[in-house]
2 protein chains.
Amino acid sequence: MAEDKIRTMDDFARISEISRPTLSKYFHDPDSVRKTTRAKIESALEEYDYRPNIFAINQNRKLTKTIGIVVPYLADPFFSEIVRRIECQCIDAGYWPIVFSAHGQQGLENNALATLQSLRPAGALIAPLGRSSDFEAVKKFTESVPTVVFDSNVKVGKAFVGSNNFQSIPLIVDYLCRTGEPPCFLEMPPINPNANKRRDAYIQAMEGLGHDPKVIRAEGTGWSFEQIGLEEGKRLISARSLPSETILCSNDRMAIGLIAAAYQKGLRVGHGPGCALRIAGHDDHPWSQFTCPPLTTVAQDFNAIATKSVETLFHLIKDGCDNQDRPEVVFDGKLVLRQSA
Amino acid sequence: MAEDKIRTMDDFARISEISRPTLSKYFHDPDSVRKTTRAKIESALEEYDYRPNIFAINQNRKLTKTIGIVVPYLADPFFSEIVRRIECQCIDAGYWPIVFSAHGQQGLENNALATLQSLRPAGALIAPLGRSSDFEAVKKFTESVPTVVFDSNVKVGKAFVGSNNFQSIPLIVDYLCRTGEPPCFLEMPPINPNANKRRDAYIQAMEGLGHDPKVIRAEGTGWSFEQIGLEEGKRLISARSLPSETILCSNDRMAIGLIAAAYQKGLRVGHGPGCALRIAGHDDHPWSQFTCPPLTTVAQDFNAIATKSVETLFHLIKDGCDNQDRPEVVFDGKLVLRQSA
DNA sequence: ATTAAATCTTTACTCCCGTAAAATTTTCTC
DNA sequence: GAGAAAATTTTACGGGAGTAAAGATTTAAT
């Protein structure tokens with residue numbers, strides 16, 4: 001194995017005895033060359049592990065194989081899980097996923113979009129920050145890159161994939177009303193459209209059932225939802241100002257904080273005898289099953305959202321963005337009954 | 001604002017009336033040009049928002065401004081938090097951080113390393129999978145890219161930054177022994193060197209205090225530590241085979257699972273009267289403060305680890321890798337006393 | 001004002017690969 | 001085995017910026 005520094009495709013062409021244009025074709029799509037040629041290339045590849053230079057590849061390609069993924073906050077398990085799935089699917093399809101997190105900051109989101117744009121990606125999957133997004137910047141980005149928006153339905157891009165808040169929230173509201181006192185709603189700070197939709201869906205569902213909706217808006221900013229749930233929860237419990245013993249939180253992370261608040265205030269959570277509060281969430285975050293008690297919630301279909309987003313994007317990349325309508329696909333949630341409510 | 005398609009640096013040189021090589025210098029380091037020149041460039045930049053093409057930039061640079069970050073599992077909050085900090089620091093220093101997650105899989109780790117290598121990064125910060133890493137592949141990577149290894153001290157790369165398990169574990173063992181029954185140790189699957197070090201540190205600390213160390217190895221593979229802690233915990237509690245009422249877990253995620261197990265089995269956790277178990281963890285994961293009861297643990301210094309890793313890497317990039325010794329910097333943990341133990 | 005140093009411009013070459021067109025070879029079909 | 005179709009090679013150019021060297025200009029120092 002005389003590995004004499006195979007750095008360029010020309011070098012590799014020499015030792016593999018295949019012309020460079022053919023190699024180029026092969027690396028673009030291994031199936032596009034004759035079987036015997038492919039075998040020759042691959043046997044040479046085993047001996048000398050050459051990889052084309054990504055920068056050089058993309059610099060001169062009309063359509064790169066890069067796919068950008070931009071999320072508002074990667075440390076949120078919802079996004080880390082979604083990203084994980086999206087990434088794997090992109091890799092399987094021969095694309096090169098590259099992940100950016102805005103870390104909750106507009107500046108970083110803009111930065112990520114600008115960087116991504118200069119990468120000339122084949123497409124992008126973005127979950128905008130929402131309220132704190134620089135709308136014009138995001139819009140501008142989506143005008144030059146085929147983009148699927150997911151999770152947070154900011155009205156840009158060529159399609160949206162998310163979850164159906166107007167199905168999932170009524171689902172759990174209905175359950176909670178059937179099994180005990182109608183819930184009040186602990187709302188997260190309205191950082192994105194989901195926050196508002198969930199509140200509206202709650203109100204609608206309660207009214208539909210003939211109950212009086214009671215919304216509590218938690219103060220606080222940023223992405224520390226557990227913290228917000230904890231602080232607000234402790235305050236509400238101390239002040240005895242919870243309008244209902246059943247509390248539906250607009251997401252699991254708030255609920256996790258609220259459960260902690262109840263614990264710290266000595267209130268027992270659950271639907272059994274001797275329980276003072278019922279707490280439910282929304283999303284079925286990865287660690288919602290480990291709260292004490294385990295959290296009753298509505299599961300967002302992570303897999304479906306990831307898969308559909310990727311599929312939609314591939315479709316977009318292939319067929320272009322001819323259609324003027326901006327399809328919105330939303331998935332239903334599934335009730336996950338545990339012990340907290 | 002006649003934005004006549006400024007696509008290339010040549011275009012931008014024309015409208016800004018600065019020569020292209022000077023522009024190139026500017027984009028590489030804004031401070032490297034005269035103040036008046038810089039002002040001219042930046043005012044032009046405001047009018048025509050031009051950005052150099054990343055691919056073209058990196059293709060022909062000796063040293064790119066790319067920095068690769070590879071972690072074993074991005075959905076683990078420890079890594080998402082560390083990555084967040086590292087990313088921000090790289091950006092501030094004018095580098096382009098690019099994050100890869102192995103998602104727990106050797107194949108993806110190799111893939112990430114190979115991709116990263118073909119990006120010719122200025123340097124890399126990697127936390128190897130550990131046991132399931134392809135050691136030779138990782139080693140080979142580190143031989144061609146200046147690399148700082150963090151968290152998991154796999155013996156490759158030019159430096160290591162992590163936490164001092166032989167300080168942090170004795171710290172909490174000592175606390176637990178002082179305040180109640182000496183702890184047994186619930187060990188996570190030995191996926192990386194940390195797992196083993198923590199166990200060894202526990203044994204050493206217990207022996208130093210004249211106690212009999214008792215190690216329980218949890219079965220299970222993969223990165224679902226909470227799940228492993230929960231299952232194993234339920235099993236141990238049901239079988240009444242916990243060797244001590246005090247349990248030190250090798251990380252917080254296991255502890256979170258174990259607390260859930262105790263809850264589900266009706267055992268009260270804490271150090272107060274009426275508590276059946278004391279549970280402690282290690283790391284101070286972001287959500288350890290929200291468990292019920294809040295988790296007593298040892299905090300790893302996320303900031304210090306991130307900062308030192310980045311600093312070390314920048315140092316390496318600047319001064320080359322002349323020194324033959326492989327410095328290992330470890331940070332002490334701090335006891336975080338909450339209610340669980 | 002005079003020099004020296006620092007900075008900028010011009011010119012020209014390089015990086016590694018994409019891609020198009022024409023010429024050649026291989027494979028397939030009947 | 002002839003002819004057509006498919007794949008490959010040859011040749012050549014281009015992408016967008018890095019970078020080196022030499023000469024011109026500006027700035028700082030004396």
Side-chain angles (χ1 to χ4, degrees), chain A residues 5-42 44-45 48-66 94 96 114-115 117-122, chain B residues 5-42 44-45 48-66 94-96 114-115 117-122 144:
Chain A
K5 287 153 202 157
I6 304 299
R7 317 210 90 258
T8 76
M9 203 180 271
D10 276 309
D11 291 343
F12 189 69
R14 207 164 304 122
I15 66 101
S16 65
E17 297 182 310
I18 300 287
S19 73
R20 198 171 62 70
T22 303
L23 288 177
S24 178
K25 268 189 77 180
Y26 167 82
F27 284 113
H28 187 61
D29 175 10
D31 281 323
S32 66
V33 301
R34 205 181 289 147
K35 255 168 57 186
T36 54
T37 313
R38 177 171 181 172
K40 262 175 79 178
I41 295 174
E42 285 175 351
L45 222 41
Y48 309 79
D49 66 339
Y50 161 76
R51 274 200 152 211
N53 176 308
I54 293 186
F55 295 113
I57 289 176
N58 286 295
Q59 140 142 41
N60 207 17
R61 226 208 282 268
K62 311 278 187 219
L63 216 58
T64 69
K65 281 288 197 175
T66 309
W96 181 42
T115 300
Q117 192 165 352
S118 67
L119 285 174
R120 305 224 202 111
Chain B
K5 287 154 203 158
I6 305 299
R7 316 211 93 255
T8 76
M9 203 179 267
D10 278 308
D11 291 344
F12 190 69
R14 206 166 303 123
I15 66 102
S16 66
E17 298 181 309
I18 300 285
S19 72
R20 197 171 63 70
T22 302
L23 288 177
S24 179
K25 268 189 78 181
Y26 167 82
F27 284 113
H28 186 62
D29 174 11
D31 280 323
S32 66
V33 302
R34 206 182 286 146
K35 254 168 58 186
T36 54
T37 313
R38 179 172 178 171
K40 263 176 80 177
I41 295 175
E42 284 174 354
L45 222 40
Y48 308 80
D49 68 337
Y50 160 78
R51 274 201 152 211
N53 177 307
I54 294 186
F55 296 114
I57 288 176
N58 286 295
Q59 144 144 38
N60 197 24
R61 224 208 287 265
K62 311 278 184 218
L63 216 58
T64 69
K65 281 288 199 176
T66 310
Y95 282 86
W96 181 40
T115 301
Q117 194 165 352
S118 68
L119 285 173
R120 306 227 197 115
S144 76

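Per chain, numbering begins at 1; letters A, B, ... match sequence-line order.
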base_contact_polar (D:dG18 base, B:Arg20 side chain, donor-acceptor, <3.5 Å): yes
Salt bridge (charged side-chain N to carboxylate O under 4.0 Å, His left out) involving B:Arg20 - partner list, sequence neighbours excluded: B:Asp10
Aromatic ring pairing B:Tyr50/B:Phe12, orientation class (parallel under 30°, perpendicular over 60°, tilted between): parallel
d(CZ, B:Arg51; C1', D:dG16) in whole Å: 16 Å
Shortest non-hydrogen separation from B:Ser144 to B:Gln117 and the atoms involved: OG-NE2, 2.8 Å
Side-chain heavy atoms of B:Leu119 within contact of B:Asn58, under 4.5 Å: no
Sugar-phosphate only, base, or nothing, as touched by B:Thr8 at under 4.0 Å among non-hydrogen atoms: sugar-phosphate
Sugar-phosphate only, base, or nothing, as touched by B:Tyr50 at under 4.0 Å among non-hydrogen atoms: sugar-phosphate
Residue whose nearest DNA chain D nucleotide is more 5′ - B:Asn58 or A:Arg34: A:Arg34
Heavy-atom pair of closest approach, residues B:Ser32 and B:Tyr26: OG-N, 4.4 Å
Separation of atom CD1 in A:Ile54 from atom C1' in D:dG16, rounded to whole Å: 18 Å
Between D:dG15 (P) and B:Met9 (CE): distance, integer Å: 16 Å
Smallest separation among heavy atoms of A:Ser19 and A:Ala13, with atom names: C-CB, 4.3 Å
Touch class at under 4.0 angstrom, heavy-atom based, for B:Arg120 against every strand present: sugar-phosphate
Sugar-phosphate, base or nothing in reach of B:Tyr26, heavy atoms under 4.0 Å: nothing
Between P of D:dA17 and CD1 of B:Ile6, the distance in whole Å: 11 Å
Sugar-phosphate only, base, or nothing, as touched by B:Ile18 at under 4.0 Å among non-hydrogen atoms: sugar-phosphate
Considering all heavy atoms, the nearest A:Ile54-B:Phe55 contact: O-CD2, 4.2 Å
DNA chain D: 5'-proximal contact among B:Asp10 and A:Lys40 (nearest heavy atom): A:Lys40
Student check: side-chain heavy atoms of A:Arg38 and A:Asp31 closer than 4.5 Å: yes
Rounded distance (Å) that lies between atom P of D:dG18 and atom CD1 of B:Ile57: 5 Å
Leading and trailing nucleotides of DNA chain C with any atom under 4.0 Å from heavy atoms of chain B: C:dT7 to C:dC16
Whole angstrom value for the distance that separates C1' of D:dG16 from CZ of A:Phe55: 14 Å
Integer-rounded Å distance: D:dG18 P and A:Gln59 CD: 11 Å
Distance test, side-chain N/O of A:Ser19 to OP1/OP2 of D:dT9, below 4.0 Å: yes
Residue closer to the 5' end of DNA chain C, A:Asn53 versus B:Glu17 (nearest nucleotide): B:Glu17
Spacing between B:Asp11 atom CG and D:dG15 atom C1', to the nearest angstrom: 13 Å
